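What you see is a predicted model; the values in this text were computed from it and never measured. First the proteins, then the strands, lettered A, B, ... as listed; each starts at 1.
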There are 2 protein chains.
Amino acid sequence: MKDITHLEHGQCLGMIRPVTDALDVLSGKWKLPIIISLTFGSKRFSEMAREIPKITDRMLSKELRDLEMNGLVQRVVHDSIPVVVEYSMTEYAHTLDNVIQTLREWGINHRKRYTEADKV
Amino acid sequence: MKDITHLEHGQCLGMIRPVTDALDVLSGKWKLPIIISLTFGSKRFSEMAREIPKITDRMLSKELRDLEMNGLVQRVVHDSIPVVVEYSMTEYAHTLDNVIQTLREWGINHRKRYTEADKV
DNA sequence: TTTCATACTATAGTTTATGATAGCACTATA
DNA sequence: TATAGTGCTATCATAAACTATAGTATGAAA
């Protein structure tokens, strides 16, 4: 016996899961800012700490580890003195380019919408 | 005196802000699941509560209010007995279609990547 | 009169995310 | 010997997000 409600429900779950999978990797206050800052080239820890407003060492360290585990960030230690650690986006991270681009466009639009609404 | 570091920094901030603007609207455990469930048609409160796994009444209520304030969800009260409240996506919410689509594609890919990695 | 369905809301508590502050190990330079 | 720069980590505190449980109001039906 076919029950459209259940079919639709399954379909709905099938859409939700990948989206939440994606958000799990990207969520939180800092992950996308970190990735975006690396789209402009590889950086050292202290450079990023300076460049990303208000981030603490603790969060930067933690999130970089997360991103590394998800294959989005590469960490290279140069045994210079003092030791320099270079972070960069992986090739895989560039599969996020579309995601970031659409989010960015939507964000710009949304802000415009509400700024214009204020004027009315 | 031109300082490339500062230019790049500004550029970087200019990318970050719209993305975080977007994520502010969409973040949290429930907002996208709610929107996605409404892409399959308008729903009543209790229908959504049943359809979205594990959501509590409190969160559903709260998030629907948030989404309504952001112009993404429309709420219509039918004065039948008992009272029925119908929720639906606004036209504006459909500007999220691309965002959801790219997130979804990325999520599917990411899961595939890690499932395949397990096999190796 | 009790129960059921509608759509919520209130209160309290737990869990997770983030912040503030400090300190470590290394070595060069003053 | 003291200080400074590198890249962190540890501890504790706070804030934000979420959960659990119960209760509200309406009116119909049993």
- request: Could you tell me whether a side-chain N or O of B/T90 sits under 3.5 Å from a main-chain N or O of B/A93, the two making a donor and an acceptor?
  value: yes

message: Any heavy-atom pair between the side chains of B/I108 and A/R17 that's under 4.5 Å?
response: no

- request: Only counting residues at least two apart or in another chain, list the ones meeting side chain to side chain contact (heavy atoms under 4.5 Å, CB included) with B/R75.
  value: B/E68, B/V77, B/V85, B/Y87

- line: From the list A/T20, A/I16, A/V19, side chain to side chain contact (heavy atoms under 4.5 Å, CB included) with B/L32 holds only for A/V19

field: Residue pair A/W106, B/N98: steps toward the side-chain contact (heavy atoms from CB on, under 4.5 Å) verdict
entry: CA-CA 9 Å; A/W106 194 84; B/N98 277 335; over 6 Å; no

query: Would you say the side-chain atoms of A/Y114 pair up with the backbone N or O of A/N109, donor to acceptor, closer than 3.5 Å?
result: no

message: What I want to find out is whether A/R44 reaches A/E47 closely enough, with some N-O distance under 4.0 Å, to be called a salt bridge.
response: yes

message: Could you tell me if B/T115 and B/R111 have a donor-acceptor pair between their side chains, going purely by distance under 3.5 Å?
response: no

field: Non-neighbouring partners of A/D57 that pass side chain to side chain contact (heavy atoms under 4.5 Å, CB included), sequence neighbours left out
entry: A/F45, A/A49

task: Take the C1' atoms of the five end pairs on each side of the helix from C/dT1-D/dA30 to C/dA30-D/dT1, get both axes, and report the angle to 10 degrees.
output: 40°

query: How about A/L60 and A/M48: do any of their side-chain heavy atoms sit closer than 4.5 Å?
result: yes

Could you pull out the protein-nucleic contacts involving nucleotides 3-6 of chain C (nitrogen or oxygen on both sides, under 3.5 Å)?
residue: C/dT6; atom: O3'; partner: B/V83; partner atom: O; Å: 3.3

- prompt: What is the 5' to 3' range of DNA chain D, first to last nucleotide, that sits under 4.0 Å from any heavy atom of chain B?
  reply: D/dC18 to D/dA28

field: Single-linkage hydrophobic cluster B/V84~B/L38, side-chain heavy atoms < 4.5 angstrom
entry: no

Enumerate the protein-to-nucleotides 16-18 of chain C contacts in which both atoms are nitrogen or oxygen and the separation is below 3.5 Å.
residue: C/dT18; atom: OP1; partner: A/K29; partner atom: N; Å: 2.8
residue: C/dT18; atom: O4; partner: A/R58; partner atom: NH2; Å: 3.4

- prompt: Do B/E51 and B/K43 sit within salt-bridge range, that is, some charged N less than 4.0 Å from a carboxylate O?
  reply: yes

- prompt: Do A/Q74 and A/M89 have side-chain heavy atoms sitting under 4.5 Å apart?
  reply: no

- request: Nearest whole angstrom, please: distance from the C1' of C/dA25 to the CG of A/D57.
  value: 16 Å

query: Whole-Å distance between C/dC8 C1' and B/E47 CD?
result: 16 Å

